Every structure is written in C-alpha cells, then in structure tokens.
Participant: 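Shown below is the structure under consideration.
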Amino acid sequence: MKRELKNAAGRIFLTITYEPATGWVYNNWLGSQCLASVQQGADASLEVVADNESSQLLNDNRLVAGPWSQATEWLVTHWVPRALTAGLTHFAHITSPEPLARLSAENLHHRIRGAFQMQIFNKKIQAEEWLQQAQAELIVAKR
C-alpha cells in the first residue's frame, strides 16, 4: 500500500508506504516542507499507522530541503498525543544532510523525549536495524 501526497503545484512531497514484511510505516519526504505539508503528511501517516496497527514509523528526510521547525510545536502538542493513541512506540528519523533540517529533527527529538522511543540516524540501514532490534526485544518481552 502506497500513498502519495502532492502540494498545490502538483509535486509529490511525501510517499507513505506500509511495509508488511517489516511491520512498519515508511515515510519518504521530498523537498521543502511548510507547516501545512507537515500537518497533512503527519496526519496521513498516522492513518496508515492506525489502519495497519503498526507501532513503528521510519521517517526519511534525506531528500528534505531546509528546515521544518515551524511545525515542531504542532507536532509536539497535536501529533504526538494522537501517535501514542494510535499505538506508535518507535520513531526512527533519518535526517537530511542539510544542517537546518537536522536541527529541526534534533529540536523535535528533544521536545518529545519520553513520549515514545525516537532516534535520529544519518543512514537508512541504521534506522532499519534499530527498528528490527526493537521488534526483536518486543518478541522476547512477550515470552
């Protein structure tokens, strides 16, 4: 299942995919993001998380241009509580190589500390390994 979200100019700014083999939702953000695009995309990704009863989100910002810090307050106050209700426990964030985009991710990480597990990564493989480890730990804990 794949959803593509487009901006007013008709350009894709986010693709959301549920990965049945891994059990997580994969967000691939593209280009510059504003408050409205972050809100629309974050809400859409929560729908996919809830619909698939996924507790893990792999949020890929490698192709994001510039900061998105204008959305941090909304994410913390509106999105995070709903993400918890939807069952999100692990949020792996792959940051953009752009310093301002990375700073936005670090600010979000600092603000949501403790709500659910969030880690910031530079490489997709590192984020995937972290989510796989979390799944393995959950399986052991259920025994």
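Everything numeric in this text was worked out from a predicted model, so none of it was measured.
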Participant: Quick check on the hydrophobic clustering: are Leu57 and Tyr18 connected, directly or via other members, by side-chain heavy-atom contacts under 4.5 Å?
Facilitator: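 In one cluster with Leu57: Tyr18, yes.
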
Participant: Let me see the working for Leu35 and Trp74 under side chain to side chain contact (heavy atoms under 4.5 Å, CB included), right down to the final yes or no.
Facilitator: CA-CA 8 Å; Leu35 176 59; Trp74 180 85; 4.1 Å; yes

Participant: One pair to check against ring pair (Phe, Tyr, Trp, His ring centres under 6.0 Å): Trp68 and Phe13. What are the steps and the verdict?
Facilitator: CA-CA 13 Å; Trp68 44 269; Phe13 69 87; over 10 Å; no

Participant: Could you give me the CA-CA distance, side-chain angles and deciding distance for Gln133 and Glu137, then say whether side chain to side chain donor-acceptor pair (under 3.5 Å) is met?
Facilitator: CA-CA 6 Å; Gln133 180 64 35; Glu137 290 171 4; 3.1 Å; yes

Participant: Do Asp43 and Arg82 come close enough that some side-chain heavy atom pair is under 4.5 Å?
Facilitator: yes

Participant: Going from CG on Leu108 to CZ on Arg113, what distance comes out if it is rounded to the nearest 0.5 angstrom?
Facilitator: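 Taking CG in Leu108 and CZ in Arg113, the distance rounds to 11.0 Å.
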
Participant: Minimum heavy-atom separation for Val38 to Ala71, with atom names?
Facilitator: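 That closest heavy-atom pairing would be CG1-CB, 3.5 Å.
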
Participant: Under 4.5 Å between side-chain heavy atoms, counting indirect links through other Ile/Leu/Val/Met/Phe/Trp/Tyr residues: same cluster for Leu58 and Phe116 or not?
Facilitator: no

Participant: Quick one: closest heavy-atom pair of Leu14 and Gly41, and the distance?
Facilitator: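 In terms of heavy atoms, the two residues are closest at CD2-CA, 3.4 Å.
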
Participant: Let me confirm one number: the CD-CD distance from Gln117 to Gln56, rounded to the nearest 0.5 Å.
Facilitator: 11.0 Å

Participant: Using a 4.5 Å cut-off on heavy atoms from C-beta on, say whether the side chain of Thr15 contacts that of Arg3.
Facilitator: no

Participant: Measuring from atom NZ of Lys123 to atom CD of Glu129, what distance do you get when rounded to the nearest 0.5 angstrom?
Facilitator: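 Rounded to the nearest 0.5 Å, the NZ-CD separation comes out at 11.5 Å.
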
Participant: If I take atom CD from residue Gln40 and atom CD from residue Gln33, how far apart are they, to the nearest 0.5 angstrom?
Facilitator: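 Those atoms lie 10.0 Å apart.
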
Participant: Do Trp29 and Asp60 have side-chain atoms, one donor and one acceptor, less than 3.5 Å apart?
Facilitator: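 No, because no side-chain N or O of Trp29 sits under 3.5 Å from a partner of the opposite role on Asp60.
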
Participant: Could you tell me if Asn122 and Arg102 have a donor-acceptor pair between their side chains, going purely by distance under 3.5 Å?
Facilitator: yes

Participant: Among the clusters formed by ILVMFWY side chains lying less than 4.5 Å apart, do Val49 and Ile94 turn up in the same one?
Facilitator: no

Participant: Is there a donor-acceptor contact under 3.5 Å from the side chain of Ser55 to the main chain of Leu88?
Facilitator: no

Participant: Please list, chain by chain and in numerical order, all residues satisfying side-chain contact (heavy atoms from CB on, under 4.5 Å) with Ala65, sequence neighbours excluded.
Facilitator: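 If we apply the side-chain contact (heavy atoms from CB on, under 4.5 Å) test to Ala65, skipping adjacent residues, the hits are Ser32, Glu98.
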
Participant: With clusters defined by side-chain heavy atoms of hydrophobic residues (ILVMFWY) lying less than 4.5 Å apart, directly or transitively, does Trp79 cluster with Val64?
Facilitator: yes

Participant: Measuring from Gln126:CD to Leu131:CG, what's the distance to the nearest 0.5 Å?
Facilitator: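 The distance works out to 12.0 Å.
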
Participant: Count I, L, V, M, F, W, Y as connected when their side-chain heavy atoms are under 4.5 Å apart, and connections chain through other members. Are Ile16 and Leu63 then in the same cluster?
Facilitator: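 No, Ile16 and Leu63 fall in different hydrophobic clusters.
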
Participant: Using every non-hydrogen atom in the two residues, find where Ser54 and Val25 come nearest and quote the distance to one decimal.
Facilitator: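 Heavy atoms only, the tightest pair is OG-N, 3.8 Å.
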
Participant: Would His90 and Trp24 count as a close aromatic pair, with their ring centres under 6.0 Å?
Facilitator: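 They do not qualify: ring centres at least 6.0 Å apart.
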
Participant: Using side chain to side chain contact (heavy atoms under 4.5 Å, CB included), reason through Thr95 and Ile120 one step at a time and then give a plain yes or no.
Facilitator: CA-CA 7 Å; Thr95 191; Ile120 298 174; 4.1 Å; yes

Participant: How close do Ser104 and Ser69 get, counting heavy atoms only, and between which atoms?
Facilitator: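 Where Ser104 meets Ser69 most closely, the heavy atoms are OG-N, 3.2 Å.
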
Participant: Does any non-hydrogen side-chain atom of Met118 lie less than 4.5 Å from one of His93?
Facilitator: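 His93 reaches Met118 side chain to side chain.
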
Participant: Quick one: pull up CD1 in Ile12 and CD in Glu4 and give me the separation to the nearest 0.5 Å.
Facilitator: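 So the gap between those two atoms works out to 3.5 Å.
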
Participant: Is the backbone of Leu103 close enough, under 3.5 Å, to the side chain of Asn107 for a donor and an acceptor to pair up by distance?
Facilitator: no

Participant: Compute both the distance and the angle, then confirm whether Lys124 meets the cation-pi test with Tyr26: under 6.0 Å from the six-membered ring centre, within 45 degrees of the axis.
Facilitator: yes

